[in-house]
Amino acid sequence: MRNNIAQKNTAMAEAASDSARVPPYGGMFSAIVPCRDEREALPIFYAEFLRAMESAGAENFEIIFVEDGSKDETLEYLRELAAKDSRVKYISFSRNFGKEAAMYAGLRAARGDIAAIMDADLQDPPFLLPQMFREMREGGYDSVATRRRTRRGESPARSFCARAFYRVLNSLSSLKFVEGARDFRLINRKVIDAVLEMPEYNRFIKGMYEWVGFKTKWIEFDNMERCAGKTKWSFAGLAMYSLDALTSFSTIPLVVAAAIGIFFCLLSSVAIVLLSIRQLIYRNSAYGWTSMICVIFFLSGMQLFCLGVIGHYMSKLYLESKRRPSYIIKEKN
Ligand code: UDP
Ligand code: MG
């Protein structure tokens, strides 16, 4: 009995000294910022970020900028910033490797107990961070995720395609993808390490967050327009990214291809029986050239489509099997 009370007391004392030692948001925080051609947006981001840290009462943090093959003066600016502020770290890639590679590099470099990936253009608003720290601490969450409530300021065609993409992705994957979800999430060390356990070449971080699980709190915000500069995503680029995301987190397209095959096999066995009977009765097989051509076109199209689906998975397998690194670092501090 006494032993129990003593144990409880020690635990409480430990908890008290813990909360005195740990800054209000819990340990060291790493912000990871992928940037490609963000020279204009970076000073604005840096100022806003520091303001958010101040209002959260956070002192123990680092900002890891991952410069992803920029053509403007982004790297020069980061060098200057790092010389002035020791909390600024930067990693510069030898060429453009894409945002997914940049996020991976940032997570690997992060030394924090908690981390968040943020866009440099303020579309992942730093002012949400104090609330995210609070939610994580008070709700005991492993991850605090954000989603855009609206897509205001985005082109209607892009919004439509994004919505359609989420619908298809959700119907094809056993994981649940939240529409409008951002890569911007506050995650603790458990989640960071879980994501880093996935060294795959074809990366889709939103899927990885879902795949690793953990207790997640969602918060919503209204879409923010880019603070400066231009979007780095072309329509074709987004379409390819969507296709990769789809095949990274679902093998159902392969099942669909097989199902189409089975369906046409069954259909053709019925057709063989019916057409043979018709031929025996009417003996007029010369008719039906048009319909035959239509069927041939349709079926060859289907076959090529299914081959394409299989080919896409094979190409990913091929890329994975080469075991190439996701990125190459040219310079860092
Ligand atoms: N980005 C990157 N590499 C790329 C493309 C984008 O590091 O190849 C960064 C970019 O600098 C920004 C973030 O990823 O910080 C999101 O990009 P962007 O704002 O262009 O995308 P959008 O918000 O339009 O989807
Ligand atoms: Mg953006």
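Order of listing sets the numbers, starting from 1, for every ligand and every atom in it. On a predicted model such as this, the values are computed, not experimentally measured, just so you know.
Between F204 and Y241, a ring centre-to-centre spacing shorter than 6.0 Å is recorded.
S70 and E67 are linked by a side-chain donor-acceptor pair at a separation below 3.5 angstrom, with hydrogens and angles left out of the test. A side-chain donor-acceptor contact under 3.5 Å links T247 and K316. A donor-acceptor contact under 3.5 angstrom links the side chains of R185 and S143, judged on distance only.
With a 4.0 Å heavy-atom cut-off, ligand 1 is reached by the backbone of K99 and by its side chain too. Both the backbone and the side chain of K232 come within contact range of ligand 1, each with a heavy atom under 4.0 Å. Of all the heavy atoms of R158, the ones lying under 4.0 Å from any atom of ligand 1 belong exclusively to the side chain. At a heavy-atom cutoff of 4.0 Å, ligand 1 is contacted by the side chain of N96 but not by its backbone. Only the side chain of D68 comes within 4.0 Å of ligand 1, counting heavy atoms alone; its backbone N, CA, C and O stay farther away.
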Handout entry: side chain to side chain donor-acceptor pair (under 3.5 Å) evaluation trace for E62 with S30
Key = CA-CA 5 Å; E62 62 178 357; S30 304; 2.6 Å; yes
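Heavy-atom contacts of D121 reach the following atoms of ligand 1: 19 (O), 23 (O) (cutoff under 4.0 Å). Atoms of ligand 1 found under 4.0 Å from any heavy atom of C35 (numbered from 1 in listed order, with element): 7 (O), 11 (O).
If you check which protein heavy atom lies closest to atom 21 (O) of ligand 1, you get W233 CD1, 3.0 Å.
For the pair R163 and E179, the salt-bridge criterion is met [side-chain N within less than 4.0 Å of a carboxylate O].
Distances between N or O atoms of P34 and those of ligand 1 include at least one value under 3.5 Å.
The aromatic rings of F49 and F61 lie perpendicular to each other, with more than 60° between the two planes, well past the 30° mark.
Below the 2.8 Å limit, the Mg ion (ligand 2) has as protein N, O or S neighbours D121 OD2, Q123 OE1.
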